[in-house]
Every structure is written in C-alpha cells, then in structure tokens.
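One structure below.
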Amino acid sequence: MINFSLEGKVALVTGGAYGIGFAITQALAEAGARVAFNCRSEQNLAKALADYKEKGIDAKGYIADVTDEKQVQQLVANVERDLGTIDILVNNAGIIKRIPMLEMSVEDFRQVVDTDLNAPFIVAKAVIPGMKKKGHGKIINICSMMSELGRETVSAYAAAKGGLKMLTRNICSEFGGCNIQCNGIGPGYIATPQTAPLRELQPDGSRHPFDQFILSKTPAGRWGTPEDLMGPAVFLASNASDFVNGHILYVDGGILAYIGKQP
C-alpha cells in the first residue's frame with residue numbers, strides 16, 4: 001500500500017509564517033507530522049501561530065534568521081528539544097528583488113543569494129547529522145521556474161534558485177546512501193503576498209501587464225495557489241517518494257512545457 005502518512009514525523013519549514021510556507025506546513029500537519037517553522041519577527045510569529053491555531057494545527061514557531069549559522073543551530077536544537085529529531089526539512093524561506101541588473105547593487109545581489117541559496121545550505125547542514133543518525137530523512141528545497149529560466153530584473157533570484165537546484169542534486173548525490181532524499185519543488189507563478197504587486201489592477205480596471213503575460217503563458221490559464229503545492233510537498237515528504245531523489249518537481253500549470261500561442 002502506498003504510504004503518504006507522516007504520522008510520527010517531525011517537520012521544520014523555514015519561512016512558514018505565511019504564503020507557500022504556511023500552506024506546506026499545514027499540509028504536513030494534516031498528513032500527521034508534528035510541525036515547526038521559523039520567521040524573523042515577533043509580529044509575524046504571533047500572527048502565524050494564531051493562524052495555525054485557527055486551522056486546528058499545533059505548530060511550534062521560533063524566531064531565527066536562516067542566514068545566520070549560529071541561529072540555525074539553535075533553531076534546530078530547539079525543535080529537537082520540543083518535538084524530536086527532524087525527519088523532514090523544507091527550505092522555503094526566500095526573498096526576491098526585482099531590479100534591473102545594471103541598477104542592482106552588489107549588496108542587494110548578495111542578500112538575495114544569501115537568503116535563497118546560502119541559507120538552505122546552512123539549514124540542511126544543521127539537520128543532516130540527525131537524519132543520518134536516525135537512518136532516514138527528507139529535504140525539500142523550494143526552487144523556482146527561475147531555476148531553469150532567466151527573465152529581466154531577477155538576476156540575483158535566478159542565480160540563487162539555479163544554484164539551489166544544483167545544491168539539491170548534490171545533497172542527493174552525497175547523502176542518498178544514508179537514506180536521505182533531497183528533492184525540490186519549483187512553483188510557477190503563485191498568488192501570494194510576494195507576487196501581489198504583479199496582480200494589481202490598473203487604474204483603468206485592466207489587468208496588470210505582467211498578470212496578462214503570465215495567464216497567456218500558462219496552459220492552466222490561471223495563477224497557482226499555495227494549496228496547489230500541498231500535495232506535492234506531502235508526496236516528497238512521505239515514504240511514497242523513497243526512490244525519488246535529486247528531482248525538481250515543477251508545479252507551474254504547464255509553463256515550462258509551453259512555448260505560447262502564436263501571435
């Protein structure tokens with residue numbers, strides 16, 4: 001029988017206070033996992049805990065900056081103290097800065113790479129020893145279509161997410177023999193607070209030009225929702241995916257498969 005249950009498992013989702021991270025944390029909890037998440041502000045932590053409670057989910061929340069190795073080590077120690085050794089890690093925390101490359105400062109570029117690439121390395125490094133000792137583990141890195149494609153204004157984000165794809169494959173290569181599976185989820189354009197500016201109606205009531213562009217490029221004809229990522233996350237976190245390793249599962253409504261309509 002296919003086993004999608006996460007009963008008895010402990011999951012940590014970075015950046016799980018809202019959006020994609022919140023939906024994935026909810027999905028893992030509903031599949032039976034004991035769940036923990038981090039964020040960087042007390043305000044977001046309090047709101048997230050209230051939101052989880054409203055959904056009947058007993059989530060543990062912690063303040064931690066995932067770009068800081070000492071804070072990450074403390075975060076992992078706190079989760080292990082409160083819930084047990086981490087079986088499932090979802091590296092979800094990330095940022096994007098939409099700035100043309102020639103206008104982007106080196107500091108901004110470094111900040112994006114630090115959050116979107118260096119942090120997943122730091123957190124994975126912190127949890128893998130416990131997974132090795134336990135004899136199994138699941139790591140899910142939230143990649144992007146920008147792991148495959150480039151686009152104007154997202155040079156830092158695309159560089160980081162392309163690197164995250166290869167980090168995913170390297171963790172698979174290095175720790176697959178320890179029964180640790182590391183895979184990625186590559187969301188398409190998802191309706192979240194982060195993408196809200198791209199979906200704002202224009203003063204004349206028309207759709208934002210980028211919104212129109214995405215709808216024209218997506219065979220599904222819509223933006224994705226955080227809920228669209230819940231099933232894929234549970235699959236990659238469960239025993240059902242024990243022979244899936246180093247794979248990036250794109251949840252994009254078909255964008256990467258589609259060249260677009262002829263003008």
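Just so it is clear, the structure is predicted and the values come from calculations on it, not from any experiment. Computed from heavy atoms alone, side chains included, the values below leave out hydrogens, waters and symmetry copies. Numbers for residues simply follow the sequence, beginning at 1.
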Take a 6.0 Å sphere around [atom1] of [X] and say whether it holds more than 12 heavy atoms from other residues, nucleotides or ligands.
X      : atom1 : result
Phe4   : CZ    : yes
Arg199 : CZ    : yes
Arg151 : CZ    : yes

Practice problem: Check the pair Val251, Ile190 against side chain to side chain contact (heavy atoms under 4.5 Å, CB included), reporting the backbone distance first and the verdict last. | Solution: CA-CA 9 Å; Val251 185; Ile190 307 296; 5.8 Å; no

Practice problem: Run the salt-bridge test on Lys97 and Asp108 with the 4.0 Å N-O cut-off and return the result as yes or no. | Solution: yes

Self-check item: Presence of salt bridge, Asp242 and Lys138, under 4.0 angstrom
Solution: yes

Contact between [X] and [Y] at the side-chain level, heavy atoms closer than 4.5 Å - yes or no?
X      : Y      : answer
Arg207 : Gln202 : no
Phe109 : Ser155 : yes
Leu12  : Val10  : no
Gln73  : Glu69  : yes
Leu164 : Asp116 : no
Leu198 : Ile214 : no
Trp223 : Asp211 : yes

Quiz item: In terms of the angle between their ring planes, are Phe210 and Phe213 parallel, tilted or perpendicular, with boundaries placed at 30° and 60°?
Solution: tilted

Name every donor-acceptor pair, under 3.5 Å, that has one atom in a side chain of residues 122-134 and the other anywhere in the protein, sequence neighbours excluded.
{"from": "Lys134", "atom 1": "NZ", "to": "Thr85", "atom 2": "O", "distance (Å)": "3.4"}
{"from": "Lys134", "atom 1": "NZ", "to": "Asp87", "atom 2": "OD1", "distance (Å)": "2.9"}
{"from": "Lys134", "atom 1": "NZ", "to": "Asp87", "atom 2": "OD2", "distance (Å)": "3.2"}

Pairs under 3.5 angstrom only: tabulate donor-acceptor contacts from the side chains of residues 31-39 to other protein residues two or more places apart or in another chain.
{"from": "Arg34", "atom 1": "NH1", "to": "Leu83", "atom 2": "O", "distance (Å)": "2.8"}
{"from": "Arg34", "atom 1": "NH2", "to": "Gly8", "atom 2": "O", "distance (Å)": "3.4"}
{"from": "Asn38", "atom 1": "OD1", "to": "Gly15", "atom 2": "N", "distance (Å)": "3.0"}
{"from": "Asn38", "atom 1": "ND2", "to": "Ala64", "atom 2": "O", "distance (Å)": "2.8"}

Self-check item: Cluster check Leu215, Ile255: I/L/V/M/F/W/Y, side chain < 4.5 angstrom
Solution: yes

Quiz item: Got a second to check how far Ser147's OG is from Leu167's CG, nearest 0.5 Å?
Solution: 11.0 Å

Quiz item: Asn179 and Gln181: side-chain donor and acceptor closer than 3.5 Å?
Solution: yes

Quiz item: Do Asn170 and Ser173 have side-chain atoms, one donor and one acceptor, less than 3.5 Å apart?
Solution: no

Exercise. Given side chain to side chain contact (heavy atoms under 4.5 Å, CB included), test Leu45 with Glu42 step by step and report yes or no.
Key: CA-CA 5 Å; Leu45 178 64; Glu42 292 285 353; 4.0 Å; yes

Quiz item: With sequence neighbours left out, what residues match Tyr52 under side-chain hydrogen bond (donor to acceptor under 3.5 Å, both in side chains)?
Solution: Thr25

